[in-house]
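Have a look at the structure below, then the notes.
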Amino acid sequence: MDYFYQPFAKNESIRILQITDTHLFAKKNEQLLGVNTTNSFQAVLDAILDRQFRFDLVLATGDLVQDHNEQGYHYFAEMVKPLEKPLFWLQGNHDQLQMEKPLQQYSQIKSQKHILVGDKWQILMLDSQVFGVPHGKLSSYQLDWLKVKLAENSERYTLIALHHNILPTHSAWLDQHSLRNVHDLAKIVKPYNKIKAIIHGHIHQEMDKLWKGIRILSTPSTCIQFKPHSNNFALDLIPQGWRELVLHPDGSIDSEVKRLATNEFLPDFSAEGY
């Protein structure tokens, strides 16, 4: 099923908020490597609302919950209510297979993976989860679905979203958890010059690079941050963040990562591993 979003003006730019890797727990006092993920996510939401970035849609790109407990999804849905915009989600490697069940109880939370935005853009949400393991892979179903949607809407500019990273992070421990079949994705996107960007989470850090002419954008987590260019597991000391995107009618994209102005939520380097 598709979701249709029509801006007020025909040629109006579309403004999107991306949040990712919230890693909520069934209990609000739980911590991930010393960071209370509920509190850090709430701080991010408060900062977003204080900025008054006028967004139309929200994309939550996986790892909404850390402990596979259904209660975390209810917390997530309740916490995002003040955003007051449709929110579309993806599964991450920490998420339940049946995460749609608790989320479908909230009208703001949408399960559609194909979003037709006005007359110019489409957003394709790909499930890269391989349940039970940290790495990602696009199934044959996902690849076929992508191929069909690109062909059906070849006149539209396209934004693709998934959870796992496509490009290496140059951190040996993290790169083993990347998308495993990037070559299959590359074959499908190659004929289409209107794919303008691919956004993802998973690596808990910011990236803005080009891959086969497509802009690849990764977004910081709302909880812990992974240190770039580290062969061994390492945490960064920079604040939590989110991404703002503006999709213009001419196919161009403005995008910027924003972070909390405070370093209140520092990790505990002596805590148990991720």
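Quick note: numbers below take in every heavy atom, side chains included, and nothing from hydrogens, waters or symmetry partners. Since the structure is predicted, the reported quantities are computational estimates derived from the model, not experimental observations.
- Taking both residues in full, the closest heavy atoms of K196 and G251 are given as CG-O, 3.3 Å, listed atom of the first, atom of the second, then distance.
- Salt-bridge formation is not detected for the pair E84/K81: no Lys NZ or Arg NE/NH1/NH2 atom is positioned less than 4.0 Å from an Asp or Glu carboxylate oxygen.
- The side-chain heavy atoms of K147 and Q142, taken from C-beta on, include no pair separated by under 4.5 Å.
- The hydrophobic cluster containing I238 does not contain V257, counting ILVMFWY residues as joined when their side-chain heavy atoms lie under 4.5 angstrom apart, directly or transitively.
- When all heavy atoms are compared, the tightest approach of Y3 to P86 is OH-CG, 3.4 Å.
- Residues Y106 and L87 are not in side-chain contact: their nearest non-hydrogen atoms beyond the backbone lie 4.5 Å or more apart.
- Within the model, atoms CD of Q42 and CG of L24 stand 10.5 Å from one another, a figure rounded to the nearest 0.5 Å.
- Rounding to the nearest 0.5 Å places CD1 of I195 at 12.0 Å from NZ of K212.
- A heavy-atom distance below 4.5 Å is found between the side chains of P249 and S13.
- Remark: K113 fails to qualify as a cation-pi partner of W145 under the 6.0 Å distance and 45° angle criteria applied to the six-membered ring.
- In this structure the side chain of L126 reaches within 4.5 angstrom of the side chain of L138, judged on heavy atoms.
- Side-chain contact between E256 and W242: absent, with no pair of heavy atoms (C-beta onward) separated by less than 4.5 Å.
- A donor-acceptor pair under 3.5 Å links the side-chain atoms of Q240 to the main chain of F265, judged by distance alone.
- Rounding to the nearest 0.5 angstrom, the gap separating the CG atom in D46 from the CZ atom in F41 is 10.5 Å.
- G92 and Q129 get closest at one heavy-atom pair: O-NE2, 2.9 Å.
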* In sequence, state the C-alpha distance, the side-chain angles, and the governing distance for R156 and K194, and then conclude on side chain to side chain contact (heavy atoms under 4.5 Å, CB included). => CA-CA 7 Å; R156 288 179 177 264; K194 287 196 170 185; over 6 Å; no
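- Cluster membership check: V35 shares its hydrophobic cluster with L237, using side-chain heavy-atom separations under 4.5 Å among Ile, Leu, Val, Met, Phe, Trp and Tyr.
- The structure places CD of E155 at 10.0 Å from CD of E152, a figure rounded to the nearest 0.5 Å.
- If you chain together hydrophobic residues whose side chains sit under 4.5 Å apart, F4 and F88 never meet in one group.
- The nearest pair of heavy atoms linking Q98 to P102 is O-CD, 3.5 Å.
- Under a 3.5 Å cut-off, the side chain of D95 and the backbone N or O of V65 do form a donor-acceptor pair.
- Only one option out of L235, D236, N232 pairs with K227 in a side-chain contact (heavy atoms from CB on, under 4.5 Å); it is D236.
- At least one donor-acceptor pair closer than 3.5 Å links the side chain of H164 to the backbone N or O of P134.
- Checked by atom type and distance alone, the side chain of R180 never pairs as donor or acceptor with a backbone atom of G136 at under 3.5 Å.
- N181 places no side-chain N or O within 3.5 Å of a backbone atom of D184 that could act as its donor or acceptor partner.
- Side-chain N/O atoms of H202 and H163 include a donor and acceptor closer than 3.5 Å.
- Judged by distance alone, with hydrogens and angles left aside, the side-chain atoms of S128 form no donor-acceptor pair with the main-chain N or O of K137 at under 3.5 Å.
- H135 places no side-chain N or O within donor-acceptor distance of the main-chain N or O of Q176, the cut-off being under 3.5 Å.
- Side chains of T61 and H200: a donor-acceptor N/O pair is absent below 3.5 angstrom, by distance only.
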* **salt bridge (Lys or Arg N to Asp or Glu O under 4.0 Å) between D2 and K149, intermediate numbers included** => CA-CA 10 Å; D2 299 337; K149 294 305 179 184; 3.7 Å; yes
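- Between D56 and I16 there is no side-chain heavy-atom pair separated by less than 4.5 Å.
- Between the side chains of Q18 and T219, a donor-acceptor pair is found at a separation under 3.5 Å.
- Between F226 and H204, the two ring planes are parallel [angle under 30°; tilted spans 30° to 60°].
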* To do: Test side chain to side chain contact (heavy atoms under 4.5 Å, CB included) on F233 and S171 and set out the steps.
  => CA-CA 8 Å; F233 179 85; S171 297; over 6 Å; no
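- The minimum heavy-atom distance between S230 and W173, with the atom names listed, is O-CD1, 3.3 Å.
- For the atom pair CD1 (I224) and OG1 (T37), the distance works out to 9.5 Å, reported to the nearest 0.5 Å.
- A distance of 6.0 Å or more separates the ring centres of F25 and Y75.
- Across every non-hydrogen atom of A197 and I253, the tightest pair is CB-CD1, 3.6 Å.
- L116 and L159 are members of different hydrophobic clusters when ILVMFWY side chains are connected at heavy-atom separations under 4.5 Å.
- In the hydrophobic clustering of this structure, Y141 groups with V182; members are Ile, Leu, Val, Met, Phe, Trp, Tyr whose side-chain heavy atoms approach within less than 4.5 Å, directly or through other members.
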* To do: Please report the C-alpha distance between L59 and I115 in whole Å, then the side-chain angles of each, then the deciding distance to 0.1 Å, and finally whether the side chain to side chain contact (heavy atoms under 4.5 Å, CB included) criterion is met.
  => CA-CA 11 Å; L59 304 182; I115 310 161; 4.2 Å; yes
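- Counting only distance, with no hydrogens or angles, the side chain of Q71 and the backbone of K27 share no donor-acceptor pair below 3.5 Å.
- Residue V80 forms a side-chain contact (heavy atoms from CB on, under 4.5 Å) with just one option from I109, V58, L17, and that option is I109.
- Judged by distance alone, with hydrogens and angles left aside, the side-chain atoms of E30 form no donor-acceptor pair with the main-chain N or O of A26 at under 3.5 Å.
- With contacts defined as side-chain heavy-atom distances shorter than 4.5 Å, the pair D254/H248 qualifies.
- If you take CZ on R51 and CG on L49, they are separated by 11.5 Å, rounding to the nearest 0.5 Å.
- D250 and Y157 are not linked by any side-chain donor-acceptor pair at a separation below 3.5 angstrom, with hydrogens and angles left out of the test.
- I48 places a side-chain heavy atom less than 4.5 Å from the side chain of I19.
- Using a distance-only test at 3.5 Å, with no hydrogens or angles considered, no donor-acceptor pair links the side chain of N93 to the main chain of V130.
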* To do: I would like to know whether I198 and W211 meet side chain to side chain contact (heavy atoms under 4.5 Å, CB included); could you show each step before the answer?
  => CA-CA 9 Å; I198 298 175; W211 173 73; 3.9 Å; yes
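- The closest side-chain donor-acceptor pair between Q122 and T158 falls under 3.5 angstrom.
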